[in-house]
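As structure tokens, the structure follows; a few thoughts come after it.
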Amino acid sequence: MLTDRYIHNMNWKVLLATVLLIAVGLLFVYSATCASAIDGLGSEFKRQLVFVAVGLVVLVVVALMDYRDVGRFAWLIYALAIGLLLVVSIFGGEAKGAQRWIYIGGFSVQPSEIAKLAVIIALAKFFSERKPPFNWKEIVQAILIVAIPTVLVMKQPDIGTGIVFVIVSYGLFFLAGFKIKHLVLSVVLAAASSPPVYLFLLKDYQKNRIKVFLDPNFDVYGAGYNVRQSKIAVGSGRLWGKGLFNSTQSQLNWLPEHHTDYIFAVIAEEIGFIGCMGVLALYFFLIYQGIKITLNAVDRFGALLAGGITLFIFSHVIINIGGAIGLMPSTGLPLPFVSYGVNNLLVNMVAIGLLLSISMRQKKINFYGIKD
Amino acid sequence: MRDFELRDVTVDSQRGRILIGIFAAIFLLLLLRLWHLQIIQGEEFSEVAINQRTRVISLFAPRGIIYDRDNVPLVTNRMAFTVSVLPDVAGQVRNSPEKIALLAEILDVAEGYVLNMLSPLRRDRLGYEPYRIVDDVGAEKAMYIYEQSWRLPGVIVEKVPVRHYVYDSFAAHVLGHVGMISASELRDWSEYGYGSNHRVGKYGIERFYEFDLKGIDGAYEIEIDARQMPVREVGRQEPIRGNDIILTLDYRLQAITEDVVENKAFEMENTETPINGVAVVILRPESGEVLSLFSYPDFNANTYNLDFPQIEKDTRSPLLNRVTRGTYPPGSAFKPIIMASSLREGIVDRSTTWFDAPYPYGRGGWEMEYGKRCIYGPHGTVDLLTGLKVSCNIPFYEMSKELGIDKLSEYAKSFGFSKKTGIDLYPDEVSGLIPDRQWKRSNYAKAEDKIWYPIETLDVAIGQGATKVTPLQMAQFYAAIANGGSVYQPYMVKTILDTSGEVVREFEPVVTSSLGLKSLDLQIIKDGMELVTKTGGTAGRAFADFPIKVAGKTGSAEVPGRESHAWFVGYLPAEDPKYAICVLVENGGSGGAMAAPIARGIFERYLLFEEQTDGTEIENNEN
């Protein structure tokens with residue numbers, strides 16, 4: 001009876017968009033890792049397939065949970081995430097000059113992925129108990145909630161995740177009711193502080209990424225190589241693409257990280273501008289649904305949680321695609337549901353599960369005759 | 001009011017809509033960027049993608065095959081393996097001592113050699129062609145390199161046609177050799193489809209008919225991955241073999257010529273007068289076809305590049321084609337030219353006689369010289385025929401005196417001397433020299449040296465002084481005597497065929513001038529030359545008991561301070577000439593004793609002892 005009602009109230013639009021994006025992901029992880037391999041399926045594709053199944057189960061389980069229970073444990077989750085970030089900064093394994101991983105029983109756990117969700121939950125919880133206008137104490141508290149994990153991931157350094165925190169928190173501050181002039185002022189301050197940050201805090205490879213972004217011809221055989229090859233892949237896809245599994249850039253290994261950071265370049269090369277429009281449309285549809293759920297949520301915690309999750313997915317999409325097409329510096333963030341990578345996939349599934357949970361309970365309002 | 005409540009309970013829906021607006025704007029920005037990359041710049045990026053992953057590598061066309069006049073293949077092609085490095089990899093290898101060491105190890109060559117072959121200086125010439133490092137490695141070694149190439153992506157092993165000279169040094173100066181294209185050739189021939197790894201004709205027929213022999217190169221296109229490792233072939237255009245050439249050369253006659261000359265050189269090797277240079281050319285009198293052309297010493301075209309240091313050091317100049325580029329005083333072999341000129345001028349006839357008196361024979365002034373120059377004299381009363389037979393100088397002094405240098409040089413030039421014959425061989429032949437007043441004026445500085453002295457006319461009369469001829473010019477003139485007076489341009493190539501056997505070009509005999517002699521006058525010269533090979537003639541001993549009637553003339557051209565150059569020029573059979581021959585032995589001494597026996601040796605074997613057509617097994621019956 002209970003289950004029937006939930007199935008009845010299931011937000012099929014969100015689920016469909018998610019499943020389609022996962023399907024696109026599997027298709028292109030396959031293209032990037034197996035299409036040219038001689039002996040059947042590559043291990044990466046199999047692993048991704050397994051975790052898509054696990055992820056769908058996780059999604060359903062989370063969707064059936066009451067998201068308000070999550071709210072009850074918000075600060076515990078937040079504390080755990082911060083703890084993990086501290087652990088990784090002390091014991092973590094290195095990948096490409098950054099400490100991001102903890103290895104547990106053959107699995108590598110990326111605390112920054114968990115931290116993203118934890119920060120969203122914590123902020124939603126924090127603001128659900130407070131209403132605008134906020135006093136300075138509240139503002140400083142809210143900023144601290146974001147700033148602590150942001151500093152920790154920036155130290156790894158994981159600039160991409162840091163930017164996600166910034167976008168998500170700005171969005172949530174906006175939704176929660178911060179004064180517009182405060183937000184604008186902080187942006188101005190941030191812009192003013194960027195030169196000293198660039199000069200004193202960024203590592204050389206990060207500076208190079210910014211140089212590469214500003215000058216497309218900067219060091220195309222070194223620091224600029226990845227972005228250059230990604231742009232070649234995207235551009236050479238043209239209107240209709242080279243056809244599924246026909247990415248020469250990926251199969252001949254010209255394009256590095258083609259199943260993770262640059263998977264969008266493989267998509268663009270194989271299915272062209274038309275296909276890219278389709279993929280962007282799916283993402284926009286999902287994000288649009290996310291905002292609708294935000295506005296229709298039954299309580300402030302649910303609304304802010306849904307808004308945070310939407311901002312989380314949105315920020316990943318634009319940072320990943322923006323990096324692949326040279327619209328912003330490349331930061332090595334995965335493309336949600338599509339890039340190969342277990343941590344991100346599972347966190348995304350939990351996030352969509354939460355979104356569905358909020359969406360399903362919103363409908364419950366209808367039974368009480370309160371319609372938006 | 002409900003709106004207000006909702007906002008109060010959850011979030012401001014106005015702000016939610018603003019957020020959606022911002023999201024939409026950013027997605028639009030992504031789409032615009034994609035539009036720019038994929039639609040506006042799409043073509044450009046497609047080209048970049050194709051260019052970086054594909055390499056076009058030339059497939060060299062096999063050169064045309066060169067045959068003798070009876071379709072005996074003389075120059076063919078064989079397949080060899082070469083090892084090259086793709087251009088993009090070359091730079092990486094150059095800058096990495098480990099990679100250089102690895103490449104040197106795989107190729108089994110010195111590291112310095114690898115570095116040299118990858119020199120950036122070759123870049124300009126190579127363009128996008130791979131750097132060819134090793135030429136012509138054996139199949140076994142090529143397999144090894146191919147197996148090892150995974151250790152160093154960008155190293156490719158190719159099968160290429162390589163020139164094969166079937167009989168090594170056979171007819172070396174005719175066939176020539178090939179070599180790596182030079183910078184200037186690459187520049188000059190750029191429009192004919194030459195690449196920087198091309199081998200081109202450098203000498204002889206290979207060079208003269210380069211554009212006929214070269215063929216049309218093909219190419220194949222490979223796809224390479226980011227490590228420059230070839231992944232697959234994506235396109236192929238097969239090369240087209242060059243046109244085949246059928247020479248006028250007679251394989252068997254050429255082989256015998258070389259064998260006889262080399263035997264003679266071997267025989268003389270440890271004497272006081274070893275043979276340093278010989279030129280033999282045999283023409284067909286009624287066409288000018290070159291049947292045999294040999295310059296000794298020669299070189300082996302198959303190992304030319306390896307042998308080059310020794311060839312270069314050899315003081316006997318093996319690279320000099322003595323037939324077309326060697327100039328020598330003709331000595332008495334020039335006498336028929338004086339005779340033909342005088343007969344043309346009508347100043348002598350069959351009954352004209354001279355008296356060759358013992359020294360002194362005084363008529364004052366320069367006559368003092370007569371006796372001194374009369375090698376075989378005194379001969380008493382001599383006519384034209386005897387003059388040739390015993391090579392008495394007196395009649396020729398007298399004739400030249402009467403002709404004067406102006407007429408004499410004019411006639412000689414009209415007979416083909418002092419100018420190129422027009423033979424189709426590289427390097428270009430030289431003209432030689434018939435000295436005259438004009439030449440003296442323009443080649444001497446002092447006023448008294450610019451004057452033509454009458455005594456100098458006598459030098460020309462007996463083929464001495466500044467007179468210089470090539471053996472080919474001599475053969476050409478004697479061939480004209482043999483055929484009744486037509487001076488034919490000597491030529492090496494009869495036919496050029498394409499790969500399907502269709503005739504592309506056919507070469508016909510070309511008459512460049514005429515001796516202009518009445519047949520009765522011509523007969524006087526012929527009769528005189530026939531006496532030369534009879535008992536008592538200067539070549540009488542050389543042709544004793546030779547069953548075929550030979551006409552000819554010896555010459556022993558004096559060279560200051562050294563042995564004379566030995567000449568024999570003639571034709572046979574005298575009654576129906578099929579072969580005109582010129583033999584020159586540098587510093588060989590007497591023409592009758594050194595040059596004439598070579599001519600006899602050649603025809604003895606060619607016409608009498610080896611009638612079989614298979615010339616590959618020539619038994620040595622000389623000596």
With a 4.5 angstrom heavy-atom cut-off, could you sort out which part of [X] is near chain A: side chain, backbone, both or neither?
X: B/Leu31; answer: both
X: B/Glu47; answer: neither
X: B/Glu44; answer: neither
X: B/Leu29; answer: both

Nearest 0.5 Å, what's the [atom1]-[atom2] distance between [X] and [Y]?
X: A/Gln249; Y: B/Phe45; atom1: CD; atom2: CZ; result: 10.5 Å
X: B/Leu37; Y: A/Arg238; atom1: CG; atom2: CZ; result: 13.0 Å
X: A/Tyr170; Y: B/Leu19; atom1: OH; atom2: CG; result: 14.0 Å
X: B/Arg53; Y: A/Trp254; atom1: CZ; atom2: CH2; result: 10.0 Å
X: B/Trp35; Y: A/Cys276; atom1: CH2; atom2: SG; result: 13.0 Å

Please classify the contact between [X] and chain B as side chain, backbone, both or neither, with a heavy-atom cut-off of under 4.5 Å.
X: A/Ile291; answer: side chain
X: A/Lys292; answer: neither
X: A/Ala268; answer: both

Report task. Please check if any side-chain donor atom of A/Arg300 sits under 3.5 Å from a side-chain acceptor atom of B/Thr10, or the reverse. Result ->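 Note: A/Arg300 and B/Thr10 side chains miss the donor-acceptor criterion.
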Query raised in the report: Is the side chain of B/Arg15 donor-acceptor paired with the backbone N or O of A/Phe174 at a distance under 3.5 Å, no angle test?
Result: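 Side chain of B/Arg15 to backbone of A/Phe174, a donor-acceptor pair under 3.5 Å: yes, one is there.
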Query raised in the report: So, the side chain of B/Gln38 versus the backbone of A/Val234: is there a donor-acceptor pair under 3.5 Å, distance only?
Result: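 Present.
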**Report entry** Max heavy-atom pair count under 4.5 Å with chain A, selected residue of B/Val231, B/Ile50, B/Ile26
**Finding:**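 Among the listed options, the one with the most contacts to chain A is B/Ile26.
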Any idea which of [options] has the most non-hydrogen atom pairs under 4.5 angstrom with chain B?
options: A/Phe314, A/Tyr283, A/Phe127; answer: A/Phe314
options: A/Leu311, A/Thr248, A/Thr294; answer: A/Thr248
options: A/Ile318, A/Leu255, A/Ile325, A/Asn253; answer: A/Ile325

Within a reach of under 6.0 Å around [atom1] of [X], are more than 12 heavy atoms found that belong to other residues, nucleotides or ligands?
X: B/Lys141; atom1: NZ; result: yes
X: B/Trp189; atom1: CH2; result: yes
X: B/Tyr220; atom1: OH; result: yes

Requested in this report: Please assess B/Leu28 against A/Phe284 for the test side-chain contact (heavy atoms from CB on, under 4.5 Å), listing each intermediate value before the final yes or no.
Outcome: CA-CA 10 Å; B/Leu28 199 65; A/Phe284 190 77; over 6 Å; no
Nearest non-hydrogen partners of [X] and [Y], listed with the distance:
X: B/Ala49; Y: A/Lys242; result: CB-NZ, 4.2 Å
X: B/Gly16; Y: A/Leu295; result: CA-CD2, 3.9 Å
X: A/Leu327; Y: B/Leu30; result: CD2-CD2, 3.6 Å
X: B/Ile39; Y: A/Phe273; result: CD1-CB, 4.0 Å
X: B/Ile224; Y: A/Leu252; result: O-CD1, 3.6 Å

Requested in this report: Measure the shortest side-chain to side-chain distance between B/Val48 and A/Arg228 over non-hydrogen atoms and say whether it is less than 4.5 angstrom.
Outcome: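 Yes - at least one pair of side-chain heavy atoms lies under 4.5 Å apart.
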